[in-house]
Structure formats: C-alpha cells, structure tokens
Amino acid sequence: MPTPMTAEEQDLRLRLDEAVRRIRSTLNRCPFVDELDYLDDTDVEAAAALADEANRSLLDAMSCTDALESLRDASAEAALLCATSRTALGVVREVLTVLVAAVDCRRAA
C-alpha cells in the first residue's frame, strides 16, 4: 500500500485538482477545431480567449506538479500523481497547441 500523502502534498494535490477542473471547464466551452471555419469573428475571438484561459490553468497545474516533484521524501502516492499529471498535462498542452494554431489560422483567413 502506498505511503499516505503529507499535508503539504495534499494541499498541492487540491491546487492541482482545481487547476485541472478549470482546464476541463474551459475546454468544454471551446469549439472543436473543425468548427472554427463556421464561426464568426466574435466567436473565434471568444475561442482564443478560452484557449488563453486554459493555458493559464495549464501553467498552474504544471506549477503544482513541479512543486510536488521538488518535495523531499515525497510519498509514493505523490510520485504516482506526478507521473500521471505529467502525462495528462502533456496531452492538454498538445490539444491547446492545435487549438491555438487553428484559431491563428482562422484569424489570418
């Protein structure tokens, strides 16, 4: 059984969870990339603002993960959370990169 998380680890986990909730909420409001061609300029700008908001939350989540990784004598649960977080946040970063590129292309059209 993994070692339980310390109070400091739990605090960082809660901050990470909140950042992830913000990312999910923001991405749920974003249009799909293939929908951008059918949106008016106002909606495209709204999509750009949502992508920026998601990127800020992504940076917060990455910061929490960095802080967890930097703790001395981290619990096994914290180490597992860091590995999972790095993988998931990498996927989110790729999704946001594609979305931002699509928005930029749509703006240029």
Under 4.5 Å between any side-chain heavy atoms of Ser75 and Thr6, yes or no?
no
Linking directly or through intermediates, with side-chain heavy atoms under 4.5 Å: list the remaining ILVMFWY members grouped with Leu71, chain and number order.
Met5, Leu12, Leu16, Val20, Leu68, Leu81
Arg107 CZ: over 12 foreign heavy atoms closer than 6.0 Å
yes
Could you walk me through whether Leu99 and Val103 pass the side chain to side chain contact (heavy atoms under 4.5 Å, CB included) check?
CA-CA 6 Å; Leu99 178 61; Val103 166; 4.2 Å; yes
Indicate yes or no: at least one non-hydrogen side-chain atom of Asp43 is less than 4.5 angstrom from one of Pro31.
no
Would you check if the side chain of Ser63 reaches a backbone N or O of Leu59 as a donor-acceptor pair within less than 3.5 Å?
no
Let me confirm one number: the CD-SG distance from Glu69 to Cys64, rounded to the nearest 0.5 Å.
11.5 Å
Rounded to the nearest 0.5 Å, what separates atom CG in Leu89 from atom CD in Glu94?
12.0 Å
Atom CG of Asp34: over 12 foreign heavy atoms under 6.0 Å:
yes
For Leu96 and Leu27: C-alpha separation, side-chain torsions, deciding distance, then whether side chain to side chain contact (heavy atoms under 4.5 Å, CB included) applies.
CA-CA 9 Å; Leu96 288 173; Leu27 289 178; 3.7 Å; yes
For Met62 and Arg86 the tightest heavy-atom approach is O-NH2, 4.2 Å
Quick one: does any side-chain atom of Asn28 pair with a main-chain N or O of Arg24 as donor and acceptor, under 3.5 Å?
yes
Of all heavy-atom pairs linking Ala47 and Cys30, the shortest is O-SG, 4.5 Å
Hey, does Val100 have a side-chain heavy atom less than 4.5 Å from the side chain of Asn55?
yes
Of the non-hydrogen atoms in Ala78 and Ala74, which two are nearest, and what is the gap between them?
CB-CB, 4.3 Å
Glu9 CD to Leu14 CG distance, which is reported to the nearest 0.5 Å:
12.0 Å
Check ion pair Arg56-Asp60 (N to O, under 4.0 angstrom):
no
Distance check, rounded to the nearest 0.5 Å: Glu53 atom CD versus Thr26 atom OG1?
3.5 Å
Is any side-chain N of the basic residue among Glu18 and Arg21 closer than 4.0 Å to the acidic one's carboxylate O?
yes
I'd like to know if the side chain of Arg29 and the backbone of Ser25 have a donor-acceptor N/O pair within less than 3.5 Å.
yes
Has the side chain of Arg22 got a donor or acceptor atom that lies under 3.5 Å from a matching backbone atom of Ser57?
no
